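Have a look at the structure below, then the notes.
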Amino acid sequence: MPTLDPGIGEKFSRRTRRAINHDGSFNVRRRGGPHRHDPYQWLIQMDWWPFIGLVVVFFTVLNVAFAGAYMALGLEDLPGVAAPRGAVQDFLSALFFSIQTFTSVGYGHVYPGTNATGFLSSVEALVGVLTFALATGLLYGRFSRPTARIHFSRTAIISRRADGTPCLQFRIANQRNNILIDLQARVLLKTVHPATNDQTYALLPLERDAISFFPLSWTIVHDITPESPLHSLIAADYERLDVEIIIQLKAYDDTFAQDVHARNSYTHDEIEWHRRFIRAYEVDNDGIAVLDLDMVHQTEAL
């Protein structure tokens, strides 16, 4: 079986952690170079709740800062503000005027009364326009970015066919209701030399490496024949060689009209032996097939 380097590296001074995490990210940390951080990529790829929280915090901090500037100039420069009613209420009046200016609402009952407050409110209006343009672009980028939500089984298994041939299996399903077509799978075996810590890769031929449609689950199978790099290996060998099964998926998403990709891997301690998957779908009373995503992970003893 020919070996290859998929771009993850072969020569290392010590053992590394798993090559690919369950979220598809690689265990590589960069340092040095002229530019290390890309705010756009960070904002596009972060989870939704942290992103929304960051937008709210940024909006609040800017308006509090401008409200403080209006307070420093004096609320008497903002005709329409009620007579002083205490520090807290005065600050809230300045804050609400700041929010109205920042969002270009401008109710009209409060307005800049001097050149200083007029200049400050003009700067704030410009900052508000730029901020909302940036937030709108980020929201569009996050919504329009094509992604795949592939549901991988928590573990891979070493099973056995009816004729006694051992096989490596794992199962996937689509978490979304969208249509994925022409789904292709590529599976690599990564092993680590116990003495040198060099990493070796081999392509694992699959029983079926592509399917036309993906409405149900798909059990991906590699037969461990005498030609397989996994042939004659036992569980202790998997641990000794630090085996990792690396998966790359590619499909055409009918919603985005683009190709989408997904990655995952299983380390030696995420492989169950002498198990088989329990069927993850059944037919309902109305004749419709029902896929249970929770059952994608379920196995039983052979």
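Hydrogens, waters and symmetry mates are skipped; everything else that's a heavy atom, side chains included, is used. Quick caveat: nothing in here was measured; it's all calculated off a predicted structure.
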How far apart are the closest heavy atoms of Ile172 and Leu183, and which atoms are they? CD1-CD2, 4.0 Å

Neighbour count above 12 (heavy atom, 6.0 Å) for His274 NE2: no

For the side chain of Ser265 and the backbone of Ile20, is there at least one donor-acceptor N/O pair under 3.5 Å apart? yes

Residue Ile179 excluded, over 12 heavy atoms near CD1 under 6.0 Å: no

If you round to the nearest 0.5 Å, how far is CD1 of Ile234 from CD1 of Ile158? 12.5 Å

Side chains of residues 65-78: which donor-acceptor partners sit under 3.5 Å, not counting sequence neighbours?
unit_1	atom_1	unit_2	atom_2	d
Tyr70	OH	Glu124	OE1	2.8

Is Glu270 paired with Arg154 through a side-chain N to carboxylate O contact shorter than 4.0 Å? no

Working to the nearest 0.5 angstrom, can you tell me the gap between Lys250 NZ and Arg186 CZ? 11.5 Å

Enter the distance from Phe97:CZ to Asn63:CG here, rounded to the nearest 0.5 Å. 11.5 Å

Starting from Phe277, can I reach Leu302 by hopping between I/L/V/M/F/W/Y residues whose side chains sit under 4.5 Å apart? no

Look at the side chain of Thr191 and the backbone N and O of Val243, then say whether any donor-acceptor pair between them is shorter than 3.5 Å. no

Specify whether Tyr238 and Trp273 have parallel, tilted or perpendicular ring planes, treating 30° as the upper limit for parallel and 60° as the lower limit for perpendicular. perpendicular

Rounded to the nearest 0.5 Å, the CD1 atom of Ile245 sits from the CD atom of Gln169 at a distance of 12.5 Å

If you count heavy atoms of other groups shown closer than 6.0 angstrom to CG of Asn115, is the number above 12? no

Under 3.5 Å, is there a donor-acceptor pair between the side chain of Arg142 and the main chain of Met46? yes

Do Trp218 and Ile278 share a hydrophobic cluster (ILVMFWY, side-chain heavy atoms under 4.5 Å, transitive)? no

Is there a side chain to side chain contact (heavy atoms under 4.5 Å, CB included) between Leu138 and Val55 once you walk through the steps? CA-CA 10 Å; Leu138 288 172; Val55 171; over 6 Å; no

In this structure, which one of His297, Arg171, Arg176 forms a side chain to side chain donor-acceptor pair (under 3.5 Å) with His151? His297

Are Ile211 and Leu204 connected, step by step, through hydrophobic side chains (Ile, Leu, Val, Met, Phe, Trp, Tyr) whose heavy atoms are closer than 4.5 Å? yes

If we only count heavy atoms from C-beta on, is the Arg275 to Thr155 side-chain gap below 4.5 Å? no

With the side chain counted from C-beta on, respond yes when Thr299 and Glu272 share a heavy-atom pair under 4.5 Å apart, and no when they do not. yes

What heavy-atom pair brings Ser153 and Val296 nearest, and what distance separates the two atoms? CB-O, 3.7 Å

Hey, is CZ on Phe59 packed in by over 12 heavy atoms from elsewhere, all under 6.0 Å? yes

Quick one: closest heavy-atom pair of His231 and Thr225, and the distance? CB-O, 3.2 Å

Does Val192 form a side chain to side chain contact (heavy atoms under 4.5 Å, CB included) with Lys190? I'd like the steps, not just the answer. CA-CA 7 Å; Val192 179; Lys190 187 197 83 172; 4.3 Å; yes

Any side-chain heavy-atom pair of Leu249 and Phe152 under 4.5 Å: yes

Ile288 backbone acceptor or donor facing Asp286 side chain under 3.5 Å: yes

Checking Leu230 against His222 for the side chain to side chain contact (heavy atoms under 4.5 Å, CB included) test, could you report, in this order, the C-alpha distance in whole Å, the side-chain angles of both residues, the deciding distance, and whether it holds? CA-CA 10 Å; Leu230 295 175; His222 164 70; 4.0 Å; yes

Which heavy atom of Leu203 sits nearest to which heavy atom of Val187, and what is that distance? CD1-O, 3.4 Å

Should the pair Phe170 and Tyr266 be assigned to parallel (<30°), tilted (30 to 60°) or perpendicular (>60°) ring geometry? tilted

Determine whether more than 12 heavy atoms belonging to other residues, nucleotides or ligands lie under 6.0 Å from atom CZ of Phe119. no

Using side-chain heavy atoms (C-beta onward) and a distance below 4.5 Å, is Pro146 in contact with Asp253? no

Is atom CZ of Phe51 surrounded by more than 12 heavy atoms (other residues, nucleotides or ligands) closer than 6.0 Å? yes

Treating Asn174 as the side-chain partner and Asn178 as the backbone partner, does any N or O pair qualify as donor plus acceptor under 3.5 Å? yes

Of the non-hydrogen atoms in Leu291 and Tyr281, which two are nearest, and what is the gap between them? CA-CB, 4.0 Å

d(Asp223 CG, Arg161 CZ) to nearest 0.5 Å is 4.0 Å

Exceeds 12 heavy-atom contacts within 6.0 angstrom, atom CH2 of Trp48: yes

Hey, is the main chain of Phe132 close enough, under 3.5 Å, to the side chain of Thr136 for a donor-acceptor pair? yes

Indicate yes or no for a side-chain donor-acceptor contact from Thr131 to the backbone of Val127 under 3.5 Å, with no hydrogens or angles considered. yes

Check this for me: Phe58, atom CZ, are more than 12 non-hydrogen atoms of other residues, nucleotides or ligands nearer than 6.0 Å? no

Joint cluster assignment, Val221 & Ile246, ILVMFWY side-chain distance < 4.5 Å: no

Does any non-hydrogen side-chain atom of Asn264 lie less than 4.5 Å from one of Ile150? no

When every non-hydrogen atom of Thr147 is compared with those of Phe256, the smallest separation belongs to N-CE1, 4.1 Å

Using the rule that two of Ile, Leu, Val, Met, Phe, Trp, Tyr join whenever any of their side-chain heavy atoms come within less than 4.5 Å, decide whether Ile99 and Leu126 are in one cluster. no

Interatomic distance, Asp23 atom CG to Asp47 atom CG [nearest 0.5 angstrom]: 9.0 Å

Within the distance-only criterion (no hydrogens, no angle test), does the side chain of Tyr201 pair as donor or acceptor with the backbone N or O of Gly9 below 3.5 angstrom? yes

Set out, in order, the CA-CA distance, both residues' side-chain angles and the distance that settles side chain to side chain contact (heavy atoms under 4.5 Å, CB included) for Thr16 and Gln199, then state yes or no. CA-CA 9 Å; Thr16 62; Gln199 297 182 172; 2.9 Å; yes

Any donor-acceptor N/O pair, Arg276 side chain to Ile157 backbone, under 3.5 Å: no

